[in-house]
There are 2 protein chains.
Amino acid sequence: MARATVQDVARTAGVSVGTVSRVLNGSPAVSEASKEKVTAAIRQLNYRPLASARDLRRDRTMRILALAKNLNSPVISEAFRGVGDAAALSGYVSLIAPTSGDLEREQQLVDMLRNGSVDGLVLFSPTMPDQEVEALAEQLSVVQVCEITGSEAAFGVSIDDRQAAFDITRHLIATGARRLAMLGFQAARSGRLRESGFRQALADAGLSPGQMLFVQGDFDFHAGRRLTKKLLDTDTLPDAIFCGNDIVAAGCVREITDAGLRVPDDIAVAGFDDSVQAEMCVPELTTIRQPAYEMGRLAFDSLLERMTVPGAHRRGRVFLPHELVIRDSTRA
Amino acid sequence: MARATVQDVARTAGVSVGTVSRVLNGSPAVSEASKEKVTAAIRQLNYRPLASARDLRRDRTMRILALAKNLNSPVISEAFRGVGDAAALSGYVSLIAPTSGDLEREQQLVDMLRNGSVDGLVLFSPTMPDQEVEALAEQLSVVQVCEITGSEAAFGVSIDDRQAAFDITRHLIATGARRLAMLGFQAARSGRLRESGFRQALADAGLSPGQMLFVQGDFDFHAGRRLTKKLLDTDTLPDAIFCGNDIVAAGCVREITDAGLRVPDDIAVAGFDDSVQAEMCVPELTTIRQPAYEMGRLAFDSLLERMTVPGAHRRGRVFLPHELVIRDSTRA
DNA sequence: GGAGGGTTTGGAATCGATTCCAAATTGAAG
DNA sequence: CTTCAATTTGGAATCGATTCCAAACCCTCC
């Protein structure tokens, strides 16, 4: 049995297609009698309006798409929950797709916005250069969350990564650390900002940075172990290590512990993101909490305005407050 | 500037819409001269075919949607990678959306298949009852991965959860355990199958199960701690605990360690899934590895056949082999 | 130079839902 | 019983890309 159309419904209900459409869209200009006939016919034929026909005519889809390198990240999945909940309140469906850092796949997904498959786009961790993000946001409905461009040309929601790294580094120094190392991720802007905040805190305290190690590939548990091993193989050990996220910090702690040293007594370790891994770690990690859910909500609100108000193009960046969460991995 | 249409392209290129469409779709029946004019016009107008118009005419979208309660699960995100890679090879875009276990939201997303917003659906952890899944699969392109219905009415790819739980429990017994407890999740079919495998292994060894504790809400780290605490508060301690996944097992290990007991010497612990958390845990977890990526690939292949071959409706279940990964949390 | 083959092209019809306009119906008021 | 306004209805036009059919075109060969 083929799909029923609005024509079929009109025929079985004994009314015109106009009336069927009016019932479907809750127009008040329909008599009670027609409404019942149409509703009955719809149920009888198991009719659903075809999305492509409706989208074509209405020129919108009520769908948005979010893109991230990777869906595992706890911050991103939480932020996407925020996007999704806000979207649902306004009748939008939100979908997400991983790009795996593949530029070609990212382009293919961004094309879904260009060709009208979705009404808006949320970028969590773009692979394309900042300039392209901004060019895209210039003419289409795009917002950024977490990983945002350096300029004010587009719109983005994030925490102040530089300040957060500065805060947590200052905490490390306050607990007595003097030789501080960092395990970071320079491929992302947020990673570079965190590096910068780290350096600034050291400079302010009159200290000079110890070893700065940066990952090339995945910024994960094994990378954390690998880099820490390299760190421990040198003669002068650091007394504190700042890691760009909790997972890497967990790898770091693990490698230190396996080497027979103690955290935080011999070496303090700090993470970033306050993901569940921060609590799974032994000792539990001092870290930075990001208001990810709220960031997602805010991003959708801005996207909605962009999609619905003609000519609205919000620019600039919103930085939500982060929180320093102190746990046993850094207590003196 | 409004969106350019195929008409606009035809006008600026000085050809007909038919020719433009032929160029767009790579038809050979176009002269080199026309092709160039059209390509130039397309570039000049920055033209992209509108998805809804194309989808309407072609009666397919080249998009599929995957649904899961939750995107964090490492097995699901890996399986979805498999789906996505296989889909990309066939020119399909694959998207995913979390349902949060909310029936209404799930229905809204399933409607995207019903109304032709996508061509196929991959279900990872449905919230709707099995019967509805099967009714849906009966008439539309749906496949299940990981969490599959009990009957052969629909199609699904999974491991044999019962057998896997049986295998790992037998391993626990082989390393000397005699009083075995379990932390499980009965809300999911896979959870019940794992429970059944666990019980069977005990029965085969002539043992009777110790405490069987089941979570109500989230099956996460904190739930693992909470349940383990309850377990440790009784007078007769178990000498091995089988947990329904690695995260819960990590919580379990943590609670045991915090209580001053040792894993595996006092109590052995086994997990499930072989996620990165199994390696982050101290000691590292004995667990079951699922070939998640391969499961996803296979599921897409079947979905593709269902979507493209008229009348094809593959039924039944495919169980891929799992692997028992033995680590320090259970070594004698 | 013309007939016959293949190649290329134009343009109308189509997909299915929405919307606008005019026509039909209803109801109330006189 | 008319008249007028308000309500309800039918149906054609529309959205933009694809596809089919017929017409136009180009060669080649006799």
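Small disclaimer: the values here were computed from a predicted structure and weren't measured. Quick note on labels: first sequence line is chain A, next is B, and so on, each numbered from 1.
In this model, the phosphate group of D:dT7 is not approached by any side-chain N or O of A:Ser31 to a distance below 4.0 Å at OP1 or OP2.
Heavy-atom neighbours of A:Gln131 CD from other residues, nucleotides or ligands within 6.0 Å: at or below the threshold of 12.
Going from atom CZ of A:Phe155 over to atom CG of A:Leu298 covers 6.0 Å, rounded to the nearest 0.5 Å.
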Show, in sequence, the C-alpha distance, side-chain angles and deciding distance for A:Tyr47 and A:Leu24, and conclude whether the side-chain contact (heavy atoms from CB on, under 4.5 Å) test is met.
CA-CA 11 Å; A:Tyr47 167 77; A:Leu24 284 173; 3.8 Å; yes

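There is no side-chain donor-acceptor pair under 3.5 Å between A:Gln44 and A:Thr12. For the residue pair B:Ser190/B:Asp161, the side-chain donor-acceptor check at 3.5 Å is not satisfied. A:Ser27 and A:Asn25 share no donor-acceptor pair across their side chains, judged by distance under 3.5 Å alone.
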If a protein heavy atom is under 4.0 Å from the base, mark B; if only from the sugar-phosphate, S; if neither, -; do that for nucleotides 15-21 of chain C going 5' to 3'.
BBBBBB-

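Residues B:Arg114 and B:Gln107 form a side-chain contact, since some pair of their non-hydrogen atoms from C-beta on lies under 4.5 Å apart.
In this structure, the CD atom of A:Glu32 is 14 Å from the C1' atom of D:dT7, given to the nearest Å.
Axis angle, first five pairs versus last five pairs of the helix from C:dG1-D:dC30 to C:dG30-D:dC1: 50°, rounded to 10°.
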Could you list the donor-acceptor pairs under 3.5 angstrom formed by side chains in residues 48-55 of chain B, with sequence neighbours left out?
residue: B:Arg48; atom: NH1; partner: A:Asp111; partner atom: OD1; Å: 2.7
residue: B:Asp55; atom: OD2; partner: B:Arg63; partner atom: NH2; Å: 2.6

